[in-house]
Every structure is written in C-alpha cells, then in structure tokens.
Amino acid sequence: MTLASISQLSFWKGIFDILSSVGIARLGATIAGAYAGYRVVYELFLSPLRHVPGPFLARLTPMRRQYLSALGQTAQMAIKEYEKYGDIYVQGPNAVSISSPSDIRTVLASHAFVKANFYAALDLFGIENTVSARDPAVASLRKRQLGPYLNPAYVAEMQTAILKHGFLALQQKWEGQLAQSTSSSIEVNYSDDFTLATLDTVCALAFGRELGCLERSDATVAHWAEATVKVHGMRAMVPLLGLYPFSLAIKGLDTQFQRLTAFCRDSISRRRELLETGGEKPVDLLQAFLDAQDPESKISMSETQLQAETIVVLLAGTDTSSNTMQWLVHLLLLHPEIYAQAVSEVRGKFAADHVITYTEAKKHLPFVNACIYEALRLYPLGGGYVPRISPAGGITLQGYFIPEGTEINANFYGASIHKGAWAEPLRYDPTRFLANEEARLNFFAFSPGVRICPGRHLAWAEMSTIIANMLKDYDWSLPKDLTHLGPDVLDKHGYPCRMESAHFLVTAPVNPRRDCRLVLSKHP
Ligand code: HEM
C-alpha cells in the first residue's frame, strides 16, 4: 500500500467517524442550516438585487410565489405587491417584477429579452410553438407564417363563422328559452354560455368542426384543453412524472390530452380529404395554417407544428375571450349609467333587426369598444406576470441594475392601475379610452412589443359582436336574489364590489354559478 492510498483511506475514515458521531440527520440539518445561512447573508449583503425592494422570503425561495399561484392568487398578488413596493420589486430568487408602463414597453419591445424557461411547460409534442417559443427565430418564423391569417382583414373574412357560432348561436338558445318561459324574461348563466360559444367558435375556426357545444351544453373539448395545460405544466415542474411508474399519477390528464391530439389529427385529415375530393376551400384558421408559408424562406409548417399550432389556438383563444366578456358583462351590470350609454349607442346606430358585424362594431361603436378596453384594463387576464430574461450586459430599471440572466416579470395588473398612467385607476370608466392615444399606449392586456397577442383581432371580433348585439337585442338586469353584488354594494374605495376572482392561466370568477347570472328580456 502506497503512502498516498494510506492517507486517502484515513481521510475517508475521518469523514466516516464524523458522520457516525454527529448522526446523518444532524449532519443533514447542519448542511441545510449552513445553506440557509449562506442564502440569507448572500441576499442581504451580496446579491445584485439586494437594494431592490420586495418581500424577503421571495428572495430566498421560489416556493412563496409557487404557493400563491397554486392558490390562484397571482393577480391579487400582482396588485397588492405593486401597491406595496411600487414600480420594481423582487418577486423570487433572481426574479423581479416591473409595473412602470415605460419599463414594460422597453422589456417587451424586442427579442433581446427572451421568454423565460417557464414557457417550456407549454411546449406540445416536445417542440416550441407560437406561445412557448423561447428561441426568437422560431417566434419570428411563426409570425411570418401565421401573421397574415390573424390580421384584421382575414378575421373580417371569417366573420360569418364568428357570428354564426358566437352571437347567433347564443341568440338561438336564448330565444328558445324565452319562447318557453312563462314570463317575458329568462335568467342565463353568462359564464357557461360565453365559454361554450367561444369554444364552438374556436373549434369551427381552428379545427373546421361544428360541434354545437353550446346547444348540447357540452364542455368536453374545454376539459381536454384544461387537462392539456395541466399535464404539461406538471411534467415541466416534476420531470419524473414523464417516467413510468410516476407517469401513472397523471394518466387521466394525459388520456385527455391524447383525445385532444386525436381530435386534432382527425380534423386535419378530414380537411385534406375535403380538398382532395374537390370541396371548396373553407376560410378559417385550419385552412390558413395548412397553407401558411414564410414569404422569405418559403418554409411551411411540419405536420407536428401544424398540430401544435391548432391546439395552441384552442388553449390561448378560448378562456381569454370568454372570461373577458364575463368581466365586461359583470362591470356593465355594476355600472347602470355606463350600460345605458352603451345601449343608447348601439340602438342609436343600428336597426332592431340588424345583426352587427365585426367590421361595423369596430367602425361605428366607439363607446362599446371603449367598454371592452376598460374591462381589459381592469382585468388584463392573460398577464398576471409575463416573464422574460434580461440580456447580456443587463439593464438598469428604475435606477437598479438588473444583471444578465435575471427573470423580469412584466406585471400587467400593476401597469393597469399604475398611478402615473391612470387617474382614479380603480374606477371603471370607459371614457378614458375615447380618442385617447396615451391610454392605448399604456394598455397592455394583449401584451405590447414583439410578442404581442396575435389573436387580438379574432378575440375582438368575437367579443364586440356578441356584446354589441346583446346590448341591442336584450335588456339586461341582475337577478332579484343576487343581492351581494350590485351598483349599490360598495367597496372601501366607494366603487361597486366586484365578484371574487382566481388566476390560474387567466383571471376567472371563483363562483360563476352564483355570480355570473343575468336576466335577459327581449328589447321590444
Ligand atoms: C381577450 C382575449 C385575449 C387576451 C386578453 C390575450 C392576451 C394575451 C397576452 C397577454 C399574451 C402574451 C402572453 C405572454 O407573453 O406570456 C398573448 C399571447 C398570445 N395569444 Fe392571446 N389573448 C387573447 C386572445 C387570443 C386568441 C383568440 C388567440 C387565438 C389565436 C390568442 C393567441 C395568442 C398567441 C398564439 C400568443 C403568443 C404570442 C407570442 O408569444 O408571440 N390570444 N395573448
């Protein structure tokens, strides 16, 4: 035995003796304690973010925000923390949140601030898509391929289908209920009805399928979509769930995702069959995505990319539009004078038997459009926090240097009530969007910059036609037994109390069965 191996042996024996004398558990606790101590010292005295305000726990562990987001508290937290800490604060280890409109515009303006790895949870079939792309090249290519089909001109071409599955389907349902009703009014649940009408619209446009979800009160596809988001999110957080036997824990969710995939593949095959048998080319998103080509490189989407992008339309385009309409109707019911002004605009501009199209709503209904903007300002529901990564060289925001690699979360809720940008920020006041360029500049519900929501025109077409036609054809009121909310039930600021919300992917009412009730009677 050499001298070196003898000294190695005695080293390991020494370690062994220490382990035995202290006990493994005590050693574990000692290491954990030492690490915690190091983290505290680092965050207090060494971290480049040490001077940025924010809750101390957030600096130490990501678990604080993970816990709050698991409770659906993301939006509330975004508002409270903006009110407490201001334009910039530490939101997690190596993560800050920003609410100043000009900072948000700077960060979201360019591809230099790439999307954070968080978005990998939305990769479908293992590849990046329009929403999840962290690689700017993928995002730009997809924008060149799909952008022309999500612009106002193509959306206007799809408006017959948008009306058919949106307002006209709702009208048919409500007229049927009114015909059966013994009184001249009916009570509807607008959460259910908007969700199913939006689902029908997206299924018709993105999959070429007329499912009649609203008519049959069938939310199966919505459940597949929800399971798809959950299963991908869980696998991203706990990679072990991708491996057998751990995968069994999420088998139910995965089965639903597989069903959605099969539905998507079947829809694409049906479309190809239709075209092969000489059928007329439909004007919808599925057709657009099949035809999509990058004008520069002439690259089309692969089969997997096509499937991923059609599913992305379902995931990004259903709850967003539906929930915005829910908040809008809720706000109009709480503000009778604003509701009356919107009604008067619509009924003043259009005859009773006229069905208002997207193009007409956009052109002739500035106040109704302002009501939608203002609802989205108070509920920028797609963006509690929108995470990006600071680029090489870092950036200085609000006088604090934010080093390269830091996660920067654009806080749209904070920006929506930013004291410098909005007077009386908590008041629902659509007039602030009437011919006001600055208000539009500080409006972030669709995200500004290079990753702006490409579905915003489609969403607007769905929302504006449903709301404008509803205002024209029906008188709205709150059910008599809904007394916990209403124009006279005020919060501490003196504004009408709003229904409780939770934010998971979007901000949604917590208790839609109780709160999203609306009495409709036919306007004579
Ligand atoms: C009122 C309705 C909608 C709202 C409030 C909304 C909001 C947003 C927001 C805030 C983002 C940025 C998210 C982020 O960067 O993390 C976004 C992105 C996106 N939205 Fe929408 N959205 C709506 C409707 C739609 C619809 C109908 C579609 C369907 C095509 C859609 C498709 C997308 C896509 C594909 C992205 C990713 C864009 C990119 O990262 O380059 N959205 N949306």
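Atoms within a ligand are numbered from 1 in the order they appear, just like the ligands themselves. Hydrogens, waters and symmetry mates are skipped; everything else that's a heavy atom, side chains included, is used.
Both the backbone and the side chain of C453 come within contact range of ligand 1, each with a heavy atom under 4.0 Å. For T324, every heavy-atom contact with ligand 1 shorter than 4.0 Å involves the side chain, none the backbone. Residue-level proximity to ligand 1 for R388 is carried by the side chain, the only part with a heavy atom below 4.0 angstrom.
Annotation: Y400 is not in aromatic contact with Y89 [ring centroid separation under 6.0 Å not met].
Using a 4.0 angstrom heavy-atom cutoff, Y119 counts as in contact with ligand 1. Remark: distances from the non-hydrogen atoms of A139 to ligand 1 are all 4.0 Å or more.
In this structure, the separation between CD1 on I162 and OG1 on T198 is 11.5 Å, given to the nearest 0.5 Å. Separation of atoms OH (Y413) and CE (M77) is listed at 12.5 Å; rounding is to 0.5 Å.
Aromatic ring pairs are classed by plane angle as parallel below 30°, tilted from 30° to 60° and perpendicular above 60°; the pair H364 and F350 is perpendicular.
The residue from T507, V313, T130, T320 that puts a heavy atom closest to atom 23 (C) of ligand 1 is T320. Nearest to atom 41 (O) of ligand 1 by heavy atom, out of K143, E309, R451, is R451.
Minimum heavy-atom separation, V96 to T406: N-CG2, 4.4 Å. What you find for A502 and V510 is that their closest heavy atoms are N-CG2, 3.6 Å.
Taking every heavy atom of V386 and a limit of under 4.0 angstrom, the matching atoms of ligand 1 come to 14 (C), 15 (O), 16 (O). Near V131, the atoms of ligand 1 lying under 4.0 angstrom from a non-hydrogen atom of the residue are 34 (C), 35 (C), 36 (C), 37 (C).
Applying the salt bridge (charged side-chain N to carboxylate O under 4.0 Å, His left out) test to every pair with at least one member in residues 433-446, sequence neighbours left out, gives no pairs at all.
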